[in-house]
Amino acid sequence: MLDYTFDRQHIWHPYTSLTHPLPTYGIARAEGVHLYLEDGRPLVDGMSSWWACLHGYNVPELNAAATDQLGKMAHVMFGGITHEPAIELCRKLVALTPDGLDRVFLADSGSVAVEVALKMALQYWQSRGTPRRRFVALRQGYHGDTFGAMSVTDPEGSMHRLYRGFVAEHYFVPAPPVAFDAPWDQAAMMPLTQLLAQQHSEIAALILEPIVQGAGGMRFYHPEYLRQARALCDEYGILLIADEIATGFGRTGKLFACEWAGIRPDILCLGKALTGGYLTLSATLTTQAVMQQICDGEAGVLMHGPTFMANPLACAVANASLDLLLASPWQERVASIEAQLKRELTAYTDHPQVAAVRVLGAIGVVETKTPQDQARLQACLVAQGVWIRPFGRLIYLMPPFIIQPDELSLLTRAIGVALDTR
Ligand SMILES: *Cc1c(COP(=O)(O)O)cnc(C)c1O
């Protein structure tokens, strides 16, 4: 048995109290779409370990890539040194992402990718001789937990007031009000249009999660918002940073969510599913123009360089994960997950506990009217043989793309039972 007492007393879990900890579940191994509890009971995974494990777990191709790279080198510094896994990965990322994003900075987590994106924007304006120090972000957005990333994350959601005086203050506009498939309403652009008209001379960049606002509310918004946000940024010469750390690599039905609007950001952040969920790695891509401006500036360099930059092991697994994804019928898989989620989750739309149901790509969300008792709900879901991690009023699914229809039905049925037994 795992030492749950030690865990409870000494180890912090994400956003969890150590004095009133929620129960944790010991996972002994994982394979395919299943997590295995200590006693051997399988749980069908509905979370992809927070957007990351696209191919499921214990994936032979990814294991082989890791083992092969381990035999060569697990790590080597990236200062003054380069290596094949990094070159191959950056070549792939340049080819896959929207045209023109061809300069790549590799770092070690999503939050750091966002820090790098913010620094790129700040150095860009500094180098032009007209420093701009403010960002615009969307309410209900989430960009990570480090201070720069937190400063552009929804102030309520990330409790900015706890860190007053330390978190930089930026501008926030309301979350895009028009849903992904609702009729477009031009009034949606008013707040952003007005803010940029008034404050553009101090705004370095607009940062947003394209189409899907993830951790801040699991909301799907209209592609026209993204198209017009791009146009507004162009009008005022403001940079656009797209944080695709959650949406990247097929989750929304497009390889990158920006494709829904046919736009190219000036800076793109990738992470989470980049290594198929094996290792922590992120990438921040930008254009030749932004790169040139930064390198023409006072510092002459981008002021960042993490110890584990371009970790060869992570890059090798990322390469194998991208090969596996692109060789798979991922569009069909995501489309059939989407169709099934629409069928099976919309059945709960009229449930007395349910405020809304929404589905986009391989993401399904049931929003309840009142906050849930997380420990009770979690126990109810585990008892049914599924791993779904609700938070607040959201019970949501983003399963590995390899999930089979009967396994997906187990997930959606478990949500129904959980709603009934509240
Ligand atoms: C998870 C996430 C991050 C932060 O990534 P970490 O690897 O947890 O630091 C940033 N932006 C978005 C959109 C995310 O979903």
Side-chain angles (χ1 to χ4, degrees), residues 12-16 47-54 97 105-121 135-155 157-158 167 170 172 175-176 205-221 226 229 240-252 254 256-258 260 265 267-285 304 306-311 314-315 317-318 321 360-363 365 389 391-392 394 396-398:
W12 250 299
H13 286 262
Y15 291 97
T16 301
M47 304 304 295
S48 299
S49 287
W50 282 336
W51 313 89
C53 300
L54 292 183
T97 53
F105 190 101
L106 297 170
D108 31 20
S109 77
S111 299
V112 176
V114 171
E115 299 291 330
V116 168
L118 300 179
K119 282 187 175 181
M120 283 179 175
F135 292 92
V136 180
L138 309 184
R139 295 229 170 232
Q140 296 198 250
Y142 176 78
H143 298 287
D145 289 348
T146 51
F147 276 97
M150 189 169 54
S151 74
V152 290
T153 290
D154 186 285
S158 60
V167 178
H170 298 301
F172 287 89
L206 165 65
I207 180 166
L208 46 72
E209 295 156 279
I211 307 298
V212 175
Q213 292 189 292
M218 300 300 285
R219 300 175 76 255
F220 311 145
Y221 66 85
L226 192 52
L240 176 63
I241 302 172
D243 177 351
E244 294 233 21
I245 291 165
T247 49
F249 308 109
R251 180 59 61 178
T252 69
K254 303 280 188 193
F256 299 101
C258 282
W260 285 108
I267 300 173
L268 173 70
C269 301
L270 302 174
K272 289 200 164 104
L274 178 57
T275 63
Y278 263 50
L279 289 153
T280 179
L281 181 70
S282 67
T284 307
L285 286 86
H304 211 89
T307 305
F308 288 99
M309 187 166 182
N311 173 254
C315 290
V317 177
S321 175
L360 177 66
I363 315 168
V365 183
R389 180 74 177 161
F391 77 95
L394 300 170
Y396 61 99
L397 299 175
M398 39 203 197

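Counting starts at 1 for both ligands and their atoms, following the listed order. Model, not experiment: these values are computed from the prediction. Just so you know, residue 1 is the first one in the sequence shown, and it goes up from there.
For a heavy-atom separation below 4.0 Å, the residues in contact with ligand 1 are S109, G110, S111, Y142, H143, G144, E209, D243, I245, A246, K272.
Although no hydrogens or angles enter the test, the distance criterion places a donor-acceptor pair under 3.5 Å between the side chain of T153 and the main chain of A149.
When each of I267, L268, L208, V136 is tested with L240 by the rule side chain to side chain contact (heavy atoms under 4.5 Å, CB included), just one qualifies, namely L208.
Of all heavy-atom pairs between L274 and A283, the closest is CD2-N, 4.1 Å.
The ring-ring contact (aromatic ring centres under 6.0 Å, His included) check on F308 picks up H75, with sequence neighbours excluded.
Separating the CZ atom in R219 from the CD atom in Q140 is a distance of 5.0 Å, to the nearest 0.5 Å. Atom CD1 of residue I211 and atom OH of residue Y221 lie 5.5 Å apart, to the nearest 0.5 angstrom.
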